[in-house]
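The model shown is predicted, which means the values in this text are computed figures rather than measured ones. Each chain gets a letter, A, B and so on, in the order its sequence line appears, and its residues count up from 1.
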2 protein chains.
Amino acid sequence: MWEREAKITDAELEVMEVLWQGGDLTLAQVKEGVTARKGWSGDTVKTLLRRLLEKGAVGQEKRGVYHYRPLVSREELGDYKTRTLIEKLYDGKAKDLVAALVERRQLDRSDVAELRDLFDKLWEERGEDA
Amino acid sequence: MWEREAKITDAELEVMEVLWQGGDLTLAQVKEGVTARKGWSGDTVKTLLRRLLEKGAVGQEKRGVYHYRPLVSREELGDYKTRTLIEKLYDGKAKDLVAALVERRQLDRSDVAELRDLFDKLWEERGEDA
DNA sequence: GCATATAGGGTACAACTGTAACCTCATTTT
DNA sequence: AAAATGAGGTTACAGTTGTACCCTATATGC
């Protein structure tokens with residue numbers, strides 16, 4: 001993911017959210033989706049969609065009427081934003097973020113259980129090599 | 001941490017970083033610290049410090065010359081930004097963030113070891129109650 | 001005492017963001 | 001066909017952010 005895509009703003013994120021869920025939508029459908037979530041005017045949605053096109057985060061294809069689809073996945077964007085957050089506030093150490101989540105009680109009992117298993121398995125799989 | 005403090009921008013973060021390290025600094029010292037890191041003009045640093053004061057993220061105290069000190073800790077800010085990131089991109093589930101870090105290989109062998117132990121211990125401590 | 005450096009206050013200004021309105025042309029409705 | 005509706009294009013406008021300059025009063029160096 002290049003820099004331009006990375007600068008997706010909060011308002012634009014709402015539009016991406018609708019596209020991530022819908023996959024391939026007309027403007028009318030995007031408007032509907034975003035308006036349902038946020039109550040913004042259709043014109044506002046249009047502007048956000050245009051900016052996302054300019055940023056290369058969304059693609060448009062003319063099939064009768066234009067259809068829009070995300071060019072960045074939520075996973076990619078999450079990954080990017082998480083990495084920059086770790087850089088800026090956790091001294092570049094992903095582990096410190098996880099430790100902070102634990103410290104701050106952001107993980108409940110079942111999360112801890114799942115993650116304990118996950119790290120156990122991970123240790124088995126990747127423990128010996130590399 | 002209230003909303004105003006949360007909106008610390010990237011440029012402002014550099015100033016916070018210096019204050020977090022220095023604790024209680026004069027403008028001249030903050031300028032020096034930030035300029036050393038980023039090469040920005042002293043005036044720029046002044047502006048950023050003023051905005052941080054307005055946002056309530058930094059306090060000022062006149063002892064001869066003004067001294068500045070952070071009113072928000074790096075931990076608080078990290079926590080806040082992490083939580084909003086989780087809200088916006090991981091469906092509110094902290095566990096999903098951690099799983100993504102694993103998936104994306106953001107944790108190395110020793111991180112995995114440490115975290116495995118951490119979650120093990122956490123499971124022992126908090127496993128039975130709550 | 002005069003020159004100069006510095007602290008503090010105010011102003012600047014373009015790019016980006018949030019939130020929209022306006023205009024025009026084609027299509028559908030009556 | 002006249003009117004209403006909708007798609008697409010363009011423009012708007014205040015607030016925020018990044019990055020800095022200018023002015024004044026005071027302190028400091030000779």
[atom1] of [X] versus [atom2] of [N]: gap in Å, rounded?
X	N	atom1	atom2	result
B:Leu27	C:dT6	CG	P	12 Å
B:Lys55	D:dG18	NZ	C1'	11 Å
B:Arg63	C:dA7	CZ	P	16 Å
A:Leu49	D:dT10	CG	C1'	16 Å
B:Lys31	D:dC21	NZ	P	12 Å
A:Leu52	C:dC16	CG	P	14 Å
B:Arg50	C:dA12	CZ	P	13 Å
B:Glu14	D:dT19	CD	C1'	14 Å

Quiz item: Considering heavy-atom distances to DNA chain D, does A:Val65 or A:Arg51 have its closest nucleotide positioned more toward the 5' end?
Solution: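 Per heavy-atom nearest nucleotide, the more 5' residue is A:Val65.
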Check: residues 110-119 of chain A side-chain donor-acceptor pairs under 3.5 Å, at least two apart:
residue: A:Ser110; atom: OG; partner: A:Asp108; partner atom: OD1; Å: 3.2
residue: A:Asp111; atom: OD2; partner: A:Asp108; partner atom: N; Å: 3.2
residue: A:Glu114; atom: OE1; partner: B:Lys95; partner atom: NZ; Å: 3.2

Quiz prompt | B:Lys88 side, atom NZ; A:Leu77 side, atom CG - distance, nearest 0.5 Å | solution =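 Answer for the NZ-CG pair, B:Lys88 versus A:Leu77, is 9.5 Å.
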Self-check item: Nearest-0.5 Å distance, CG of residue A:Asp120 to CG of residue B:Asp120
Solution: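 Going from the CG atom of A:Asp120 to the CG atom of B:Asp120 covers 5.5 Å.
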Self-check item: Phosphate contact (C:dA20 OP1 or OP2) by A:Lys38 side-chain N/O below 4.0 Å
Solution: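 Answer is no, no contact under 4.0 Å.
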Quiz item: Hey, does the side chain of A:Thr26 come within less than 4.0 Å of D:dA7's phosphate (OP1/OP2), counting only N and O?
Solution: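 A:Thr26 to D:dA7 OP1/OP2: no side-chain N or O under 4.0 Å.
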Closest listed nucleotide, where the reference is the side chain of [X] and the choices are [options]:
X	options	result
A:Tyr66	D:dG18, C:dT19, D:dG8	D:dG8
A:Ala28	D:dA7, D:dG8, C:dT11	D:dA7
A:Asp43	C:dT19, D:dT17, C:dC22	C:dC22
B:Lys46	C:dG18, C:dG10, D:dG18	C:dG10
A:Thr44	D:dA20, C:dG18, C:dT19	C:dT19

Exercise. In plain terms, say whether B:Lys7 and B:Glu12 are close enough for a salt bridge, that is, a side-chain N and a carboxylate O under 4.0 Å apart.
Key: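 Answer for the salt bridge query: no.
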Quiz item: Take atom CD in A:Gln29; do more than 12 heavy atoms of anything else shown fall under 6.0 Å from it?
Solution: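 More than 12 heavy atoms, drawn from other residues, nucleotides or ligands, come within 6.0 Å of this atom.
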Quiz prompt | Residue met sooner reading DNA chain C from 5', once A:Val45 and B:Tyr68 are mapped to nucleotides | solution =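 That would be B:Tyr68.
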Quiz item: Hey, does B:Thr47 reach any base, or is it just sugar-phosphate, or nothing, if we go heavy atoms under 4.0 Å?
Solution: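 Base: the residue B:Thr47, judged by heavy atoms under 4.0 Å, touches a nucleobase.
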